[in-house]
Amino acid sequence: MAEGIFNRVFNILEKMIGVSRIRHSYIVSNIANLETPRYRPKDVDFKQTLIGILQDQKDIDLRRTDPVHFKLSNSSVPIRLSEDKGKWNGYNWINIDKEISRLIENNLNYRIYVDTLLKKITLIKEVIKEGGR
Amino acid sequence: MNYMDLLKVINSGMYAQRKRIDLIATNLANMETLKTEKGMPYRRKMMIMKSEPMDDFDSILSLEMVKIDEIVEDKTPFKRVYQPSHPYADKDGYVLKPNVDPIVEITNLMISRTAYEANVTAFKITKEMILKALEMGSK
């Protein structure tokens with residue numbers, strides 16, 4: 001009955017944490033390039049990426065048939081970048097306030113997802129202990 | 001792609017900003033330098049940064065690190081100050097002074113400091129996320 005306990009919510013939360021982490025790396029990369037001339041910031045479209053990952057999920061086990069082949073990585077993760085390219089500020093396309101607020105917003109979202117997952121685990125533990133009796 | 005690579009990206013940004021602050025300090029210190037090794041007054045130096053994709057074959061993300069591309073000299077003409085009694089004065093009585101403008105330097109300094117602080121914030125948040133992820137294991 002493991003599938004009953006670890007239901008789809010677990011799976012979705014796991015993917016949400018993953019996408020949130022990917023988005024974080026893009027925002028951090030933008031902040032590092034704050035002073036790079038003609039740099040175009042990148043951002044992940046959270047919703048579209050998550051939908052893509054969830055639809056893309058197939059339980060096919062990939063195997064290498066020869067050790068000299070390239071290593072199998074999860075290169076199939078469909079990252080969809082946001083359409084918003086920012087405004088030209090005379091130097092590059094980055095707006096620092098926007099990037100910092102994105103960073104904070106994404107961090108808060110990440111914490112919400114992790115906390116929700118932790119809450120789920122606590123609930124399951126509670127069930128296993130029959131409500132602490 | 002792991003968190004340590006991400007810290008590397010932030011680190012590259014902090015390094016570039018710190019070097020730029022070093023350069024601004026050099027410019028400010030040499031604001032009145034009338035003679036350099038080339039025999040001319042000091043020329044203001046500027047830093048050009050460029051982004052460079054991370055060399056990580058495993059990575060699926062196209063993250064870009066910051067790199068110091070080159071240090072160039074400002075081509076603005078030197079300031080001419082009328083000081084006939086100065087030993088370096090030319091035959092018209094003018095002395096060439098470095099093309100360093102303290103206002104420009106201080107403005108750049110403030111921009112660099114803001115950018116550095118932004119990187120520090122990014123670092124802190126990343127650290128927080130790593131610790132949050134570790135919490136999952138502790139329950």
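Below, chains carry the letters A, B, ... as their sequence lines are ordered, and counting in each starts from 1. This is a predicted model, so every value here is computed, not measured.
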Applying a strict under-4.5 Å side-chain criterion to I, L, V, M, F, W and Y, I'd like to know whether [X] and [Y] cluster together.
X: A/Ile12; Y: A/Phe46; result: yes
X: B/Met40; Y: B/Val100; result: no
X: A/Phe10; Y: A/Leu123; result: no
X: A/Tyr113; Y: A/Ile79; result: yes
X: B/Ile68; Y: B/Ile21; result: no

Distance, nearest 0.5 Å, that separates [atom1] of [X] from [atom2] of [Y]:
X: B/Met129; Y: A/Leu103; atom1: CE; atom2: CG; answer: 8.5 Å
X: B/Asn108; Y: A/Glu35; atom1: CG; atom2: CD; answer: 8.0 Å
X: B/Ile125; Y: A/Asn106; atom1: CD1; atom2: CG; answer: 9.5 Å
X: A/Ser25; Y: B/Met54; atom1: OG; atom2: CE; answer: 10.5 Å

**Item:** Heavy-atom contact with chain B under 4.5 Å, split by part of A/Leu34
**Value:**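 Answer is side chain: those atoms of A/Leu34 sit under 4.5 Å from chain B.
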
**Request:** Using a 4.5 Å cut-off on heavy atoms from C-beta on, say whether the side chain of A/Arg21 contacts that of B/Leu6.
**Result:**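 They are not in contact (no side-chain heavy atoms under 4.5 Å apart), so the answer is no.
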
Could you report the tightest heavy-atom contact between [X] and [Y], atom names first, then the distance?
X: B/Met49; Y: A/Pro37; result: O-CD, 3.0 Å
X: B/Ala118; Y: A/Ile96; result: CB-CD1, 3.8 Å
X: B/Leu63; Y: A/Ser29; result: CD2-CB, 3.9 Å
X: A/Val28; Y: B/Ala122; result: CG2-CB, 4.1 Å
X: A/Val114; Y: B/Lys132; result: CG1-O, 3.7 Å

Are there over 12 heavy-atom neighbours, none belonging to [X], within less than 6.0 Å of that residue's [atom1]?
X: B/Phe78; atom1: CZ; value: yes
X: B/Lys79; atom1: NZ; value: yes
X: B/Ile103; atom1: CD1; value: no
X: B/Tyr88; atom1: OH; value: no

Sort [X] into side chain, backbone, both or neither according to what part of it lies under 4.5 angstrom from a heavy atom of chain A.
X: B/Thr126; result: both
X: B/Met47; result: neither
X: B/Ala16; result: neither

**For chain A, the option from B/Ala115, B/Ser12, B/Gly13, B/Ser51 that forms the most heavy-atom pairs under 4.5 Å** =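 When all of B/Ala115, B/Ser12, B/Gly13, B/Ser51 are compared, B/Ser51 has the most.
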
**Prompt:** Do A/Arg111 and B/Glu128 pass the side chain to side chain contact (heavy atoms under 4.5 Å, CB included) test, and can you show the C-alpha distance, the side-chain angles, and the key distance before you say yes or no?
**Reply:** CA-CA 9 Å; A/Arg111 293 170 69 146; B/Glu128 210 174 281; 2.5 Å; yes

**Request:** Might you work through the side chain to side chain contact (heavy atoms under 4.5 Å, CB included) test for A/Ile121 and B/Met136, ending with a clear yes or no?
**Result:** CA-CA 9 Å; A/Ile121 295 169; B/Met136 280 193 276; 6.0 Å; no

**Message:** Using a 3.5 Å distance criterion without hydrogens, assess whether the side chain of A/Asn33 forms a donor-acceptor pair with backbone atoms of B/Glu64.
**Reply:**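 The answer is yes, because a donor-acceptor pair under 3.5 Å joins these two groups.
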
